[in-house]
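Just so we're on the same page: letters track the sequence lines, and every chain starts at 1. Because the structure is predicted, anything quoted here is derived from the model rather than measured. The figures here come from the full heavy-atom set of this structure, side chains too, leaving out hydrogens, waters and symmetry mates.
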Protein chains: 2
Amino acid sequence: MNIKEIAKLAKTSASSVSRVINSSGYVKEEVRQRINKVLEETGYRPNAFAKALHSKKSHTIGVILPKINATSSGECVAGIDGFFSAKGYSILLGNTHHQLNKELEFLDIFKEKQVDGVIFIATVLTPEHHKKLQKLAIPTVIIGQESPNNIPCVLFDEYHAAKEMTQYLLTTGKQRIAFIGVDESDISVGVHRRQGYLDALREQHIPIDEHLLAKGDFTHQSGFAACRAIFEKNTLKPDAIFAANDKMAIGAMNYLFSMDLQIPRDISVCGVGGGTLAQFYHPQLTTLIYDYKQAGIIASDLLYRQINKDQSESITAHKTWVNYQLMIGKSTQ
Amino acid sequence: MNIKEIAKLAKTSASSVSRVINSSGYVKEEVRQRINKVLEETGYRPNAFAKALHSKKSHTIGVILPKINATSSGECVAGIDGFFSAKGYSILLGNTHHQLNKELEFLDIFKEKQVDGVIFIATVLTPEHHKKLQKLAIPTVIIGQESPNNIPCVLFDEYHAAKEMTQYLLTTGKQRIAFIGVDESDISVGVHRRQGYLDALREQHIPIDEHLLAKGDFTHQSGFAACRAIFEKNTLKPDAIFAANDKMAIGAMNYLFSMDLQIPRDISVCGVGGGTLAQFYHPQLTTLIYDYKQAGIIASDLLYRQINKDQSESITAHKTWVNYQLMIGKSTQ
DNA sequence: GTGAAAGCGCTAACAA
DNA sequence: TTGTTAGCGCTTTCAC
């Protein structure tokens, strides 16, 4: 069913039908009613492709993310979707399963599908990414990593958050704080969070003990393993564990439970994230809350303005920071 | 950059460029190389709209779901995405935030955007849904609810799963098993899970005590509240609590902890879901595991076959069941 | 082997 | 007010 057939049924021309659908231009009331009736009866929907082909607007936003079935991504997408669906845009999903080449592929697909903008929930940004992003010339916003080109990005203040968490642990009297981080290729988490931890210790003149540092890969299992490694390596056990995310913190706790240690009586544990896992765990996990949904909304707003920027608009800042919040639970004391 | 410009740069015609891009028809090797070179240099991507306008295929699948930032939906989408992105399709997201009218809206949008198929992760299906689905005439698969039209659906065997869980609780010697369900408008969860529970009790000739039945709305808070209501209403306390999902189970546990009860020593608790929350909770939650990702994959496969059905293909069954698995944790004994 | 031309469904400029 | 017409970028006959 196309616009011409509708026109024929309503005994008028395609243009008039178009005018009625888009409420543009004049159509005599009588004709308008005839057209509306046919529209109603047929349940006709204009073909978005033909429309987009003409308008060069797809009203679609591409979202690239590492893992859709992860809390942070899910929240982010919820925020993006909330913002954009209210504005009449749809979300095209690009789930990379943490494969870098997939990210580049999706940028190509999105280009083909003529998305009006791209939101990139990034983990690792290679020079190749930058080249491609530059070449694409589609409005883009990055969440979670800095970009060297001046693509706007929405960032979590990992450094200060981790520092504040460490400082908090220090104020509770902890002296041997272990840190479970991730690989440095992830700048935000692997580098900045660890640096915040290190600097907090340094400022209190607490020597860094390399044996208290371990690495995981975001999973419970790796948190469990990292915690075990730390315990087996140190005769002088840690009195607190700071994991770079909640899942690893909970993995660590599960190791501690298996060793019959009580939390927080024997040892404090904290993480980063602040999802339902942390909130409803028992004991409730002390964590840093990042509002991922909010990040999604902020990114959407930045993107939307880029897409509809009027000439006079002043240049927006390239970096926007999302606030964090230290949530003190029952897993530290 | 369009195909004509490419043609001009390669000193040939649009047709030949098209032939090279789609490897259809003959092109002299020399010309082919010239074209490929230009393609390479320009990073040209054909406009998917123009293509789709012609082929009537968008290579896009619309997915409608109640809440993207929920474990089950996220897993489902991950499964769908895994299947379809391998086949060269993209996913268009329709996040309804549990608003029924949004579901209908998305069906319209998807129709406009010419999706090749729709996967509907359903919560509640009204007659209006059926009417619309029928009218759309787009290949569709429903996950999680039955459809009266013969739209293929992927179902979780809620009834037998709930029954088996209840039977398990009975074998552990429990006599007063409370049930925290949800509203009956959700047939799968609200009706079938409860029915499984009720029938398991009936078969053991255990009288149903209305005071042991409560309702929540899937949230932790409602699980907490429902559990409190049950405790306050009954002088003879329950010895087990079966919640219709894990979140409510954990809400219930948190109430029990607040009453200084020990789990499972004083009371058993179990849920349905089997995500990370259940798996890594302490004590590990006894639960029914549904493989949502698998459901997504199965649904995708059904949809894919519908889309590319060859005339001779035998009619597929309308209902496909996804297996469940009883995971016995440490929250019951 | 190749290019000109028609057409996919829609919008917008233009003429009536 | 209305209808005719010319594209949007691509694919696909159909002549050459």
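A cation-pi arrangement, defined by a distance under 6.0 Å to the six-membered ring centre and an angle within 45 degrees of its axis, is present between Lys87(B) and Phe83(B).
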Fill in the blank from the handout: Its contact letters, B for base, S for sugar-phosphate only and - for none at protein heavy atoms under 4.0 Å, make nucleotides 7-16 of chain C read BBBSBB----
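Ring planes of His59(B) and Tyr89(B): tilted class, angle from 30 to 60°.
Taking atom CD1 of residue Ile6(A) and atom P of nucleotide dG3(D), one finds them 15 Å apart after rounding to whole Å. The separation between Arg32(A) atom CZ and dT2(D) atom C1' is 13 Å, rounded to whole Å. Tyr26(B) places its OH atom 15 Å from the C1' atom of dT12(D), with the value rounded to the nearest Å.
With respect to the salt-bridge test (charged N to carboxylate O, under 4.0 angstrom), the residues Lys132(A) and Glu128(A) do not qualify. In summary, Asp116(A) and Lys57(A) do not engage in a salt bridge, as defined by a charged side-chain N under 4.0 Å from a carboxylate O.
With rounding to the nearest 0.5 Å, the separation of NZ in Lys102(B) from NE2 in His97(B) is 6.0 Å.
Inspection of the Asp183(B) and Ser185(B) side chains reveals an N or O donor paired with an N or O acceptor under 3.5 Å.
Relative to the axis of its first five pairs, the axis of the last five pairs of the helix from dG1(C)-dC16(D) to dA16(C)-dT1(D) sits at 50°, rounded to 10 degrees.
Distance alone, capped at 3.5 Å, is enough to place a donor-acceptor pair between the Ser58(B) side chain and the Gln114(B) backbone. For the pair Thr60(B) (side chain) and Ile91(B) (backbone), a donor-acceptor distance under 3.5 Å is absent.
Contact annotation: Ser16(A) reaches the phosphate of dG3(D) (side-chain N/O to OP1 or OP2, under 4.0 Å).
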